[in-house]
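Values below: every heavy atom of this structure, side chains too, minus hydrogens, waters and symmetry copies. Here the structure is a predicted model, which means the values were calculated and not measured.
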Amino acid sequence: MSASKRLLHFVKHRSLWTHVRRNVTTWSPVGAAFNARAQRRLKIFEKKGGLFGVPELSNPSGFQVATKAALKNTERLLDKACSCSPGVETVESFDQLSDDLCKVADLADFVKVAHPDPEFREAAEKTCIEIGTVVEKLNTNVELCQSLKKLLDNPDIMAQLDPDTRRVAELFMFDFEISGIHLDDELRKKAVALHVKLLDLNNEFLVGSHMPNRIARSAIPEHLHRQFASEGSFIQVGGLHADSPDDLVREVAYRIYLYPNADLMGCLEELLKCRYKLAKLVGYESYGHRALKGTMAKTPETVMSFLQLLTDKLSDRTAKDFKMMGDMKKKLNPRNSELMPWDHPYLSGVLRAERYNIEPSLYSPYLSLGACMEGLNNLFTQLYGVSLMSEHPSAGEVWSEDVRKVAVVHETEGLLGYIYCDFFHRPDKPHQDCHFTIRGGRWCRETGQYQLPVVVLMLSLPHPTKSAPTLLTPGMMENLFHEMGHAMHSMLGRTRYQHVTGTRCATDFAEVPSILMEYFATDYRVLSQFARHYETGQPLPESMVARLCESKKVCGAADTQLQIFYAVLDQIYHGKPQNRSTTDILKEMQQKFYGLPYTPNTAWQLRFSHLIGYGAKYYSYLMSRAVASMVWKQCFVQDPLNRDMGERYRREMLGHGGAKEPMLMVEGMLQRRPTTEDFVDALVSELNPNFETFIMDSES
């Protein structure tokens with residue numbers, strides 16, 4: 001029996017849940033694997049392989065070997081792409097060329113931030129630079145571009161191509177155009193120089209935006225010293241301390257952490273100028289216009305219309321939220337009662353806790369990591385006919401002993417791909433939850449098989465103890481579901497081309513599958529299938545789920561308005577030059593789109609690291625949430641475990657990756673084309689206390 005058939009046999013005949021006497025829950029293999037402590041395996045007789053099963057990567061020097069092999073193959077594929085006759089083969093050659101480089105670069109991108117061994121990280125960083133340089137050269141290779149142009153300029157051949165192939169050809173041409181390929185030699189050199197300069201500026205700003213600020217110990221009250229890190233005669237402030245119950249700690253942290261750094265300010269101003277110059281050089285009105293091509297929104301004008309309309313419709317609720325926070329501050333601190341920006345996160349949390357008893361420690365015993373993975377497994381089985389199967393990695397395949405390998409198996413299609421779950425905290429690991437594509441899916445004509453996707457999900461959860469498995473707070477559980485939404489987008493897509501595999505799609509669409517998973521994570525009908533006390537087996541009470549869901553609406557308008565402010569700021573920074581400082585722009589936008597007063601001698605924009613990866617696209621999270629809300633309400637709220645709807649969702653949205661225009665995917669799922677007003681109404685309606693998104697009426 002083949003490996004794939006053995007997996008299918010096991011999926012069909014195993015029991016998802018087993019209950020033993022006295023209500024204690026036992027888990028199926030995937031739940032048990034994630035609730036168990038990592039065991040150090042004896043691999044004396046097992047030959048050590050490489051990271052992700054890549055033989056060369058058994059040691060850091062293997063990156064150089066893999067890079068050389070990829071670059072050598074690039075030369076062969078470049079000749080093929082330039083010489084083949086216009087047609088499907090042109091696009092396949094381009095995609096294969098892209099895939100060969102991405103398989104090394106994407107893996108290195110992950111290793112350089114996540115591997116515990118600094119030698120591996122350093123080797124991966126060198127590979128990223130080397131491959132990045134080659135990609136820049138390919139994007140300005142005139143002969144390569146001409147090969148693609150011959151295809152795109154031939155209407156007869158284009159008419160014979162399937163829609164996915166046409167779209168991928170157009171996307172490859174877009175990559176050429178934004179690199180200035182269509183310019184004369186002198187202007188193209190300018191475009192390349194701006195690209196190179198921007199790489200340095202992006203890196204400088206990203207590093208600087210996370211650096212702590214410091215101040216003389218004598219400058220702040222002595223009783224506050226213990227709240228911050230010490231560095232000789234200085235106090236170091238590395239964050240906003242937004243959750244501190246002490247008003248003064250929050251204020252001091254805000255003023256010091258956001259104090260302007262002249263060098264970083266210069267870096268940001270220069271970065272924005274260079275982005276504008278490059279966009280203009282390659283034919284766009286602004287950087288925002290260039291960045292939004294191919295997205296759901298399409299233009300900065302649409303984005304600003306969306307953000308303005310949302311602000312208008314939330315204004316009364318936002319004012320009420322700020323009044324509630326102001327009243328709470330008066331109650332807690334009568335002598336200093338003006339509501340300030342550093343109060344918002346803390347006081348909204350206080351109000352939620354006061355109105356609903358949502359102490360995380362009350363929920364955690366019901367949300368063991370194994371239970372949550374079992375819940376995801378159960379959900380995917382019912383929606384898509386897909387199961388998560390825990391596998392033992394080979395020696396050298398993973399970068400830390402506690403990384404789990406999960407095979408994703410469909411009941412009829414077989415093995416779909418692999419998810420490596422790097423879930424636990426370790427020193428030097430980034431404190432962020434994220435999804436990495438290691439290898440994209442694509443159809444390989446050369447082998448006659450589908451190249452299976454491989455992804456990593458990275459969280460930072462506490463390790464299990466001798467007495468208890470890893471227990472998640474509701475926030476951690478929602479983050480797990482969110483990231484697994486990205487992973488399943490990668491797994492369930494069966495795109496012909498890796499250039500558009502899984503999450504390689506428009507930014508304002510990419511978050512839809514992950515945000516939609518948050519709705520499943522807080523629906524009692526889903527939670528009731530897995531949320532059980534790790535010691536007693538008792539189910540999580542429905543009333544606790546209801547409280548958690550209702551608590552999210554407390555100060556929801558003010559929280560949304562803060563995100564609108566950030567998104568507007570991002571749009572203005574990437575529009576036409578304003579001939580004024582980024583701080584002056586921030587002051588005006590804060591007053592217009594947020595409402596809490598600007599604090600003199602602060603520059604929040606210097607901590608806005610999303611300007612690098614999400615330049616002109618920060619609005620994407622709000623728009624994706626609007627789409628996810630509409631999909632949930634229209635397709636899943638009546639029955640979140642409906643197989644027919646799960647199949648439709650895969651067919652209309654998940655299956656295409658970026659191979660279909662995003663708004664067409666949304667239209668296919670909703671059976672109508674939503675307007676900006678529809679997006680706004682979806683977000684506003686979520687704040688209605690009588691809107692039963694998360695739990696069903698007990699009588700239904």
Side-chain angles (χ1 to χ4, degrees), residues 205-206 208-231 234-265 268 318 321-352 431 555 558-570 573 581-611 618:
F205 184 78
L206 204 53
S209 68
H210 293 105
M211 292 294 286
N213 273 347
R214 63 180 198 164
I215 192 171
R217 293 170 68 89
S218 57
I220 64 172
E222 191 173 343
H223 71 279
L224 296 181
H225 290 183
R226 66 180 182 276
Q227 302 290 336
F228 304 103
S230 291
E231 188 187 314
F234 292 92
I235 292 291
Q236 200 174 75
V237 181
L240 292 172
H241 291 250
D243 295 328
S244 173
D246 188 323
D247 287 6
L248 192 54
V249 169
R250 296 197 306 275
E251 179 178 353
V252 166
Y254 189 93
R255 291 181 181 276
I256 296 171
Y257 188 60
L258 299 185
Y259 189 80
N261 175 296
D263 290 339
L264 197 58
M265 187 74 81
L268 176 60
T318 304
D321 285 354
F322 283 141
K323 185 178 185 308
M324 275 198 306
M325 286 186 236
D327 291 345
M328 177 58 74
K329 189 169 184 184
K330 281 178 191 171
K331 180 178 167 184
L332 296 175
N333 189 355
R335 288 181 298 178
N336 185 17
S337 59
E338 184 184 6
L339 188 65
M340 299 298 287
W342 52 81
D343 296 319
H344 179 160
Y346 174 70
L347 292 177
S348 59
V350 170
L351 285 162
R352 288 185 193 102
H431 291 284
C555 298
D559 292 345
T560 302
Q561 196 59 54
L562 181 58
Q563 293 303 310
I564 293 169
F565 162 50
Y566 296 159
V568 167
L569 194 63
D570 176 42
Y573 282 168
S581 73
T582 55
T583 301
D584 286 339
I585 294 170
L586 180 139
K587 284 182 194 175
E588 183 187 337
M589 295 306 124
Q590 184 165 335
Q591 187 272 325
K592 189 176 178 182
F593 287 95
Y594 186 35
L596 295 187
Y598 167 76
T599 305
N601 296 315
T602 62
W604 179 85
Q605 72 272 25
L606 299 185
R607 301 297 182 181
F608 196 7
S609 58
H610 284 82
L611 288 173
Y618 191 82

With rounding to the nearest 0.5 angstrom, report the CG to CG distance, Leu339 to Leu596.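 Here the interatomic distance stands at 5.0 Å.
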
Verify whether the ring centers belonging to His241 and Tyr257 lie closer than 6.0 Å. no

Between His225 and Ser230, does a side-chain contact (heavy atoms from CB on, under 4.5 Å) hold up when you go through it step by step? CA-CA 8 Å; His225 290 183; Ser230 291; 5.7 Å; no

Under 3.5 Å, side chain of [X] to main-chain N/O of [Y], donor-acceptor pair present?
X: Tyr573; Y: Thr582; answer: yes
X: Gln236; Y: Phe228; answer: no
X: Asn213; Y: Val237; answer: no
X: Arg607; Y: Ser209; answer: yes

For Glu251 and Arg255, run salt bridge (Lys or Arg N to Asp or Glu O under 4.0 Å): C-alpha distance rounded to whole Å, both residues' side-chain angles, the deciding distance at 0.1 Å, then the answer. CA-CA 6 Å; Glu251 179 178 353; Arg255 291 181 181 276; 3.0 Å; yes

Classify the ring geometry between Tyr594 and Phe322 as parallel (under 30°), tilted (30 to 60°) or perpendicular (over 60°).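 Perpendicular: the ring planes of Tyr594 and Phe322 meet at over 60°.
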
Side-chain ion pair, Asp246 and Arg226, N-O less than 4.0 Å: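 Salt bridge absent between Asp246 and Arg226.
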
State plainly whether the residues Lys323 and Asp327 are in salt-bridge range, i.e. N to O under 4.0 Å. yes

Is atom OH of Tyr259 surrounded by more than 12 heavy atoms (other residues, nucleotides or ligands) closer than 6.0 Å? no

